[in-house]
Number of protein chains: 2
Amino acid sequence: MAATILVVEDEPAIQELIAYNLRQAGHQPLCADSAEQALRLVSNALPDLVLLDWMLPGASGIEVARRLRGDKRTRSIPIIMLTARSEEQDKLQGLETGADDYITKPFSPRELNARIKAVLRRRAPQMTDDVVEIGGLRVDPAGHRVTGNGEKIDLGPTEFRLLHFLLTHPERVHSRAQLLDNVWGDHVFVEERTVDVHIRRLRKALEAGNLDQMIQTVRGTGYRLSAS
Amino acid sequence: MAATILVVEDEPAIQELIAYNLRQAGHQPLCADSAEQALRLVSNALPDLVLLDWMLPGASGIEVARRLRGDKRTRSIPIIMLTARSEEQDKLQGLETGADDYITKPFSPRELNARIKAVLRRRAPQMTDDVVEIGGLRVDPAGHRVTGNGEKIDLGPTEFRLLHFLLTHPERVHSRAQLLDNVWGDHVFVEERTVDVHIRRLRKALEAGNLDQMIQTVRGTGYRLSAS
DNA sequence: ACCAGATGTTGCAGATTTGTGACATCTGAC
DNA sequence: GTCAGATGTCACAAATCTGCAACATCTGGT
């Protein structure tokens with residue numbers, strides 16, 4: 001669960017306090033004390049999560065969030081905003097702008113860690129570049145490679161994303177709508193039956209290693225990837 | 001845990017915010033911005049839960065709750081009311097009127113989800129995706145799997161829902177009408193005797209592990225699932 | 001033992017869901 | 001512009017689910 005976490009906070013004391021706690025928890029903090037610096041750091045290397053103070057000088061916390069959400073490259077980075085207790089209003093606006101959660105100052109390290117963990121768990125699974133392997137089926141997102149029992153498997157882009165999603169969420173049924181949301185993306189207008197076709201193509205590609213039976217149909221519900 | 005959730009809220013921004021979060025959590029939001037629209041939607045199709053703003057124009061939030069509680073068809077739908085921090089009074093009145101819980105604006109997605117889950121678990125256990133196990137019979141809603149003493153059991157969609165409902169409401173008798181309401185859904189016109197047939201199919205599937213005796217007939221009343 | 005009502009069991013036709021191949025369109029590389 | 005690969009959609013076949021009715025069996029009361 002070691003994550004790179006960008007801390008955007010103008011108050012040096014609080015920034016250092018947070019960084020210390022993150023290091024304690026095994027994370028890798030990156031610190032910025034302004035919106036500009038934050039965006040520069042992000043353009044260099046994508047963090048896994050952003051802790052964003054809402055009350056930066058110039059009220060630019062909101063702007064940072066908006067920019068992160070506006071760019072396709074950074075859209076899916078989870079954001080937790082830090083707010084003072086009095087800024088009740090901002091919470092709504094913040095959540096609206098796309099923050100995943102908020103946390104009210106002052107907060108305990110325990111609380112901070114719990115929220116980080118939860119947000120990462122909710123958002124992360126198929127976002128990481130970790131190699132995933134289940135029952136001889138192996139996907140390497142970084143290298144965009146798939147092998148079945150060591151044999152190379154060729155997949156088209158969509159089949160690749162589909163398999164990757166299924167592998168990172170195994171042993172549970174996904175409806176066609178859920179698959180469309182997670183593999184094709186939100187707000188995409190595509191027939192549900194199209195999922196069937198790509199499942200078919202995926203199974204066909206997996207036939208080589210007799211792994212096609214890992215993709216199971218659950219009649220009336222959807223599809224499931226299972227080790228057995 | 002995919003539930004249909006009716007959101008009754010006149011403020012468009014908040015309504016959209018809530019809907020977004022519900023979708024994120026895998027639910028299916030239905031939105032209404034007035035008491036009238038809410039009641040109309042409910043008469044169409046029963047939601048699994050209602051998020052109800054207490055301060056609708058005309059203070060009709062209370063009225064909506066009263067109507068929902070007054071109609072037999074909607075009486076058991078869980079209601080969570082949304083209140084502003086200052087409206088302390090209303091909380092009491094709301095809980096009195098039959099709300100299952102309240103949540104104070106502004107609230108975090110985390111908090112909202114936690115409450116929804118808690119209320120659903122209390123009022124409609126079969127809506128959650130928790131694994132249920134009684135006397136060696138085990139149902140995993142997320143994976144859509146059933147095992148009896150470790151052995152895999154195959155069920156059709158209806159038998160699956162039926163067993164899931166019985167497992168989440170064990171040790172009590174359900175009339176055929178209740179089973180039709182809860183497993184088939186209301187607004188469905190089906191002979192009561194059809195329940196018998198599906199009970200039969202369920203028992204047959206459970207015979208493998210000698211678990212069919214867990215489904216018991218209560219003559220003149222209905223059926224019951226018991227640890228035997 | 002007999003009866004009436006309740007429940008168990010079965011086969012089936014119609015409805016629904018899914019698998020599959022074919023085809024039209026789109027996209028980016030050259 | 002052309003081409004190859006990728007993608008979405010459709011139509012038809014195959015698989016399966018469902019509700020029902022008909023008949024069999026059971027239960028409790030008399």
Side-chain angles (χ1 to χ4, degrees), chain A residues 72 144 146 152-166 173-207 211-226, chain B residues 144-146 152-166 173-208 210-226:
Chain A
K72 188 179 170 192
H144 210 274
V146 182
K152 186 178 261 179
I153 294 178
D154 266 339
L155 292 182
T158 306
E159 282 73 46
F160 183 89
R161 289 199 309 280
L162 178 56
L163 177 59
H164 188 205
F165 175 77
L166 290 174
V173 184
H174 308 281
S175 69
R176 291 173 177 72
Q178 287 172 324
L179 290 175
L180 284 178
D181 278 354
N182 287 293
V183 178
W184 276 254
D186 258 342
H187 307 290
V188 178
F189 159 68
V190 165
E191 290 292 323
E192 290 208 337
R193 288 303 306 278
T194 296
V195 174
D196 298 27
V197 178
H198 285 275
I199 287 282
R200 153 78 175 143
R201 288 169 181 157
L202 180 52
R203 277 175 173 155
K204 200 158 200 172
L206 296 182
E207 270 174 11
L211 293 163
D212 55 311
Q213 46 203 354
M214 288 181 67
I215 313 281
Q216 299 162 353
T217 303
V218 179
R219 192 164 233 272
T221 308
Y223 296 95
R224 168 181 59 205
L225 182 140
S226 166
Chain B
H144 214 274
R145 285 176 186 285
V146 182
K152 200 174 267 183
I153 294 178
D154 265 340
L155 294 181
T158 306
E159 282 72 49
F160 184 90
R161 289 199 308 278
L162 178 56
L163 176 58
H164 189 204
F165 175 78
L166 290 174
V173 186
H174 308 281
S175 69
R176 291 174 177 72
Q178 286 173 323
L179 291 174
L180 284 177
D181 277 353
N182 287 292
V183 179
W184 275 255
D186 76 335
H187 280 200
V188 178
F189 137 78
V190 165
E191 289 291 324
E192 290 208 338
R193 287 303 308 279
T194 296
V195 173
D196 297 26
V197 179
H198 285 276
I199 287 282
R200 151 75 176 148
R201 287 171 182 155
L202 180 52
R203 279 173 171 156
K204 197 161 200 171
L206 296 183
E207 272 173 11
N210 247 27
L211 293 162
D212 55 311
Q213 46 203 1
M214 289 181 67
I215 313 279
Q216 299 161 354
T217 303
V218 179
R219 198 182 165 77
T221 309
Y223 298 94
R224 169 181 56 204
L225 182 140
S226 163

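All chains are named by letter (A, B, ...) in the order of the sequence lines, taking the proteins before the strands, and each is independently numbered beginning at 1. These figures come from a predicted structure and were not determined experimentally. Side-chain atoms are counted along with the backbone in the values below, which use heavy atoms only and exclude waters and symmetry mates.
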Peer 1: Rounded to whole angstroms, how far apart are CD on A/Gln213 and C1' on C/dG19?
Peer 2: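 My rounded result for the distance is 17 Å.
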
Peer 1: I need the CG-P distance between A/Leu162 and D/dT7, as an integer number of Å.
Peer 2: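 Those two atoms, CG and P, are 11 Å apart.
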
Peer 1: Using a 4.0 Å cut-off on heavy atoms, which residues in residues 195-204 of chain A reach DNA chain D? List them by number, or say none.
Peer 2: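 Nucleic-acid contacts, sorted: A/Val197, A/His198, A/Arg201.
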
Peer 1: Do any side-chain nitrogens or oxygens of A/Trp184 fall under 4.0 Å of OP1 or OP2 in D/dG8?
Peer 2: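 A/Trp184 to D/dG8 OP1/OP2: side-chain N or O found under 4.0 Å.
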
Peer 1: Looking at every strand, decide which applies to B/Glu159 at a 4.0 Å heavy-atom threshold: base, sugar-phosphate, or nothing.
Peer 2: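 Sugar-phosphate contact only.
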
Peer 1: Over how many whole Å does the gap from B/Phe189 atom CZ to D/dT18 atom P extend?
Peer 2: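 The answer, rounded to whole Å, is 17 Å.
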
Peer 1: State, with a plain yes or no, whether a side-chain heavy atom of A/Gln216 is found less than 4.5 Å away from one of B/Arg145.
Peer 2: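 Counting from C-beta outward, A/Gln216 and B/Arg145 do come under 4.5 Å.
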
Peer 1: Classify the ring geometry between B/Trp184 and B/His198 as parallel (under 30°), tilted (30 to 60°) or perpendicular (over 60°).
Peer 2: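 The arrangement is perpendicular - the two ring planes meet at more than 60°.
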
Peer 1: Just so I know, are the side chains of B/Arg176 and B/Asp196 near enough to count as touching, which here means a heavy-atom distance under 4.5 Å?
Peer 2: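 Touching, per the 4.5 Å side-chain cut-off.
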
Peer 1: Within this structure, what is the CD-to-P distance between A/Glu192 and D/dC10, rounded to whole angstrom?
Peer 2: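 Going from CD in A/Glu192 over to P in D/dC10 covers 14 Å.
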
Peer 1: State whether B/Thr194 places a side-chain N or O below 4.0 Å from either non-bridging phosphate oxygen (OP1 or OP2) of D/dT18.
Peer 2: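 So the side chain of B/Thr194 is outside the cut-off, no N or O lying under 4.0 Å from OP1 or OP2 of D/dT18.
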
Peer 1: With a cut-off of less than 4.0 Å, is there a side-chain N or O of B/Tyr223 near OP1 or OP2 of C/dA6?
Peer 2: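 Checking C/dA6 against B/Tyr223, no side-chain N or O comes under 4.0 Å of OP1 or OP2.
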
Peer 1: Calculate the interatomic distance between A/Arg161 atom CZ and D/dA6 atom P; express it in whole Å.
Peer 2: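 Roughly 13 Å, once rounded to whole Å.
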
Peer 1: Give the nucleotide from the list D/dT9, C/dG5, D/dT16 with an atom nearest to the side chain of B/Arg219.
Peer 2: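 In terms of side-chain proximity for B/Arg219, the closest of D/dT9, C/dG5, D/dT16 is C/dG5.
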
Peer 1: Can you tell if the side chain of B/Arg203 reaches within under 4.5 Å of the side chain of B/Thr217, non-hydrogen atoms only?
Peer 2: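 Yes; the side chains approach each other to less than 4.5 Å.
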
Peer 1: Separation of B/Gln216 atom CD from C/dG8 atom C1', in whole Å?
Peer 2: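 About 16 Å, once rounded to whole Å.
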
Peer 1: Got a donor-acceptor pair under 3.5 Å from the side chain of B/Arg193 to the base of D/dA21?
Peer 2: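 For B/Arg193, whose side chain was compared with the base of D/dA21, there is no donor-acceptor pair (under 3.5 Å).
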
Peer 1: If only atom types and distance count, is the side chain of B/Arg161 paired as donor or acceptor with the main-chain N or O of B/Val183 below 3.5 Å?
Peer 2: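 Yes; at least one donor-acceptor contact below 3.5 Å.
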
Peer 1: So does A/Thr158 get a side-chain nitrogen or oxygen closer than 4.0 Å to the phosphate oxygens (OP1/OP2) of D/dA6?
Peer 2: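 No.
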
Peer 1: Would you say B/Arg176 reaches C/dA6's phosphate, i.e. side-chain N/O to OP1/OP2 under 4.0 Å?
Peer 2: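 B/Arg176 to C/dA6 OP1/OP2: no side-chain N or O under 4.0 Å.
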
Peer 1: Judged by atom type as modelled, is there a donor-acceptor pair below 3.5 Å linking the side chain of A/Arg224 to the main-chain atoms of A/Val218?
Peer 2: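 The answer is no, because no donor-acceptor pair under 3.5 Å joins these two groups.
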
Peer 1: Just so I know, are the side chains of B/Leu225 and B/Leu163 near enough to count as touching, which here means a heavy-atom distance under 4.5 Å?
Peer 2: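 Result yes, sub-4.5 Å side-chain heavy-atom pair found.
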
